[in-house]
Number of protein chains: 2
Amino acid sequence: MKHVKEVANLTGISIRTLHYYDEIGLLSPATSKTGYRLYSNDDIEKLQQILFFKALDFPLKKIKNILEQPDFNQLEALHYQKERLVEKKERLETIIATIDQTIQNVKGERTMTDQEKFKGLDFSQNQYEQEARKKFGDEAINQSSQKLNRLNSVEKDVLEQSFHAIYQKLAKLRHGSPASEEAQNAIHEWYDFLNNNVGYHYTLEAFQGLGQMYIEDERFTKNIDRYGEGLALFMREAMAVYANQNK
Amino acid sequence: MKHVKEVANLTGISIRTLHYYDEIGLLSPATSKTGYRLYSNDDIEKLQQILFFKALDFPLKKIKNILEQPDFNQLEALHYQKERLVEKKERLETIIATIDQTIQNVKGERTMTDQEKFKGLDFSQNQYEQEARKKFGDEAINQSSQKLNRLNSVEKDVLEQSFHAIYQKLAKLRHGSPASEEAQNAIHEWYDFLNNNVGYHYTLEAFQGLGQMYIEDERFTKNIDRYGEGLALFMREAMAVYANQNK
DNA sequence: TTTAGAGGATTACGTAAGGTAAGAGTCAAC
DNA sequence: GTTGACTCTTACCTTACGTAATCCTCTAAA
């Protein structure tokens with residue numbers, strides 16, 4: 001059983017933070033008769049889990065919800081956290097590369113497009129939300145889809161229909177060129193649709209990355225190709241063209 | 001000249017954020033007659049600089065102060081930012097390694113000490129302050145040394161004296177064993193001194209890392225060895241022993 | 001020329017994750 | 001039995017925006 005100071009020393013987080021986690025019910029240790037907090041080994045391990053999620057910038061509320069899930073699986077969570085951290089590391093590498101380019105740019109050794117100047121600097125913290133929801137399948141993570149939740153059922157219908165409509169339109173065009181005007185118009189609709197309804201802003205770069213995912217992630221490919229074989233591939237091409245043309 | 005939306009799309013930050021940066025005077029673009037914000041190329045480049053610092057978790061106030069320095073050198077800043085980002089990346093790698101170990105631990109394939117469980121998870125955001133102050137040499141960054149500033153001159157004297165006292169004590173011991181009781185007591189004083197006066201909490205791990213820096217960073221080595229040749233090396237050893245013994 | 005719709009502005013209140021300070025109880029050691 | 005280190009609670013403060021409401025402006029189509 002450890003007192004607050006010992007835990008703080010061990011982990012590097014502040015005593016106030018431990019108080020706060022207790023206050024919000026995220027980590028509530030046992031207390032002595034005189035009211036001192038006493039952290040057990042289990043508490044320490046839970047704290048470790050909390051800090052892993054924090055390293056991924058998960059809000060404490062979500063962390064709490066995830067850890068409270070009756071079917072929470074620690075091993076699964078660890079693998080998930082590792083994957084996301086690797087991604088985060090890769091984003092840092094992108095930023096570092098951007099800095100390298102900027103250094104050359106400042107020296108006059110090369111030029112950069114405006115987009116290139118901001119590669120990797122997109123901090124939108126919603127990054128892991130969709131994925132996290134799948135993994136930990138809870139309703140608590142739904143904060144980002146408040147926008148969707150706030151819609152009434154009629155509006156949702158309309159939304160769903162335009163969703164299908166866009167996919168079907170694209171499916172019809174998929175044997176033509178992804179750069180054709182019609183295809184690009186449809187993709188533009190898709191881009192706008194996402195930005196207006198998903199509750200998350202896609203930069204052009206992110207949008208292009210999304211297209212890439214359509215063929216790299218089987219789940220996406222399958223779902224999309226239900227509208228027509230090869231649609232996922234077609235969309236990736238079209239989205240890439242769109243992103244490049246609108247730079 | 002770009003409007004807010006275009007800048008937001010380009011960078012992935014929100015319009016509200018642009019408004020806010022204008023409000024606090026961090027990035028104030030020109031305005032049209034009708035009050036629309038108009039971002040020039042220079043503004044865009046400044047924004048890029050801001051985002052680089054933000055990627056290092058610098059508070060906006062500090063960013064503002066740094067960019068306002070009349071002798072601000074962009075190239076120097078870029079090199080600095082790159083170094084820090086590499087460090088940040090390395091911390092992420094440490095966390096990833098910790099997760100790997102934890103996975104084995106959960107599976108029962110290995111055990112971990114409490115310290116090992118939290119390697120890399122120290123989020124203390126003061127990480128770059130001392131360095132940053134040297135680099136960008138301004139008074140504005142001094143928020144972390146409020147503690148020192150709040151002291152009156154008599155107290156500062158006392159502080160300085162105990163600082164020297166500890167170093168001198170260690171210098172005398174430096175020909176003996178770093179693990180000796182006296183040496184360890186002196187190091188313990190040093191650890192306490194740092195934690196009470198530097199305004200930054202050192203975990204044992206960080207403390208050990210500090211010792212490592214004493215010999216890896218020439219500036220430290222030089223300064224310390226003025227108290228006695230080989231003192232830096234001796235302190236590193238003693239600090240490592242101290243950290244390990246107190247786990 | 002009007003008018004719709006997209007985009008822009010300001011004002012103001014809300015939020016997350018703690019920091020910081022004040023006042024008071026507790027524990028170990030001398 | 002006092003001191004010094006540690007702990008507690010309460011309460012107000014802070015940063016960096018999000019969100020909402022209300023109003024203005026610009027462009028393109030009718």
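Numbered from 1 within each chain, the chains take letters A, B, ... in sequence-line order. Worth knowing before you read on, the calculation uses all heavy atoms, side chains too, and leaves out hydrogens, waters and symmetry mates.
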Results of salt bridge (charged side-chain N to carboxylate O under 4.0 Å, His left out) for [X] - residues two or more places apart only:
X: A:Glu23; value: A:Arg16
X: A:Glu68; value: A:Lys64
X: B:Glu93; value: A:Lys89
X: A:Lys117; value: A:Asp114, B:Glu45

Within the pair [X] and [N], is there a side-chain N or O less than 4.0 Å away from OP1 or OP2?
X: A:Lys5; N: D:dT7; value: no
X: A:Arg37; N: D:dC8; value: yes
X: A:Ser14; N: C:dG18; value: no
X: A:Tyr21; N: C:dG18; value: yes
X: B:Lys54; N: D:dC17; value: yes

Practice problem: Fit a plane to each ring of A:Phe53 and A:Phe72, take the angle between them on a 0 to 90° scale, and name the class: parallel (under 30°), tilted (30 to 60°) or perpendicular (over 60°). | Solution: tilted
Quiz item: Nearest nucleotide by nearest heavy atom, which residue falls closer to the 5' end of DNA chain C, A:Leu60 or B:Leu38?
Solution: B:Leu38
Quiz item: Any salt bridge between B:Lys119 and B:Glu116, counting N to O under 4.0 Å?
Solution: no
If you check the [X] side chain, which of [options] turns out closest?
X: A:His19; options: C:dA12, C:dG18, D:dT9; result: D:dT9
X: B:Arg16; options: C:dG8, C:dG19, D:dC17; result: D:dC17
X: B:Ile15; options: C:dG18, C:dG8, D:dT7; result: C:dG8

Between atom [atom1] in [X] and atom [atom2] in [N], what is the gap in whole Å?
X: A:His3; N: D:dC8; atom1: NE2; atom2: P; answer: 8 Å
X: B:Tyr20; N: D:dT19; atom1: OH; atom2: C1'; answer: 16 Å
X: B:Asp22; N: C:dT10; atom1: CG; atom2: C1'; answer: 12 Å
X: A:Ile50; N: C:dA17; atom1: CD1; atom2: P; answer: 12 Å
X: B:Glu189; N: D:dA5; atom1: CD; atom2: P; answer: 13 Å
X: A:Lys2; N: D:dC6; atom1: NZ; atom2: P; answer: 17 Å
X: A:Phe53; N: C:dA17; atom1: CZ; atom2: P; answer: 14 Å
X: B:Glu23; N: C:dC13; atom1: CD; atom2: P; answer: 14 Å

Exercise. Determine to 10° how strongly the helix from C:dT1-D:dA30 to C:dC30-D:dG1 is bent, judged from the axes of its five-pair ends.
Key: 0°
Exercise. Specify the residues of residues 27-36 of chain A, ordered by number, for which at least one heavy atom lies under 4.0 angstrom from an atom of DNA chain D.
Key: A:Gly35, A:Tyr36
Quiz item: What residues form a side-chain contact (heavy atoms from CB on, under 4.5 Å) with A:Ala97, not counting sequence neighbours?
Solution: none
Quiz prompt | side chain to side chain donor-acceptor pair (under 3.5 Å) against B:Ser14, all qualifying residues, sequence neighbours excluded | solution = B:Thr17
Quiz prompt | Contacts of type side chain to side chain donor-acceptor pair (under 3.5 Å), residue A:Asn185, not counting sequence neighbours | solution = none
Practice problem: Report yes if some heavy atom in the side chain of B:Ile95 is under 4.5 Å from a heavy atom in the side chain of A:Leu51; otherwise report no. | Solution: no
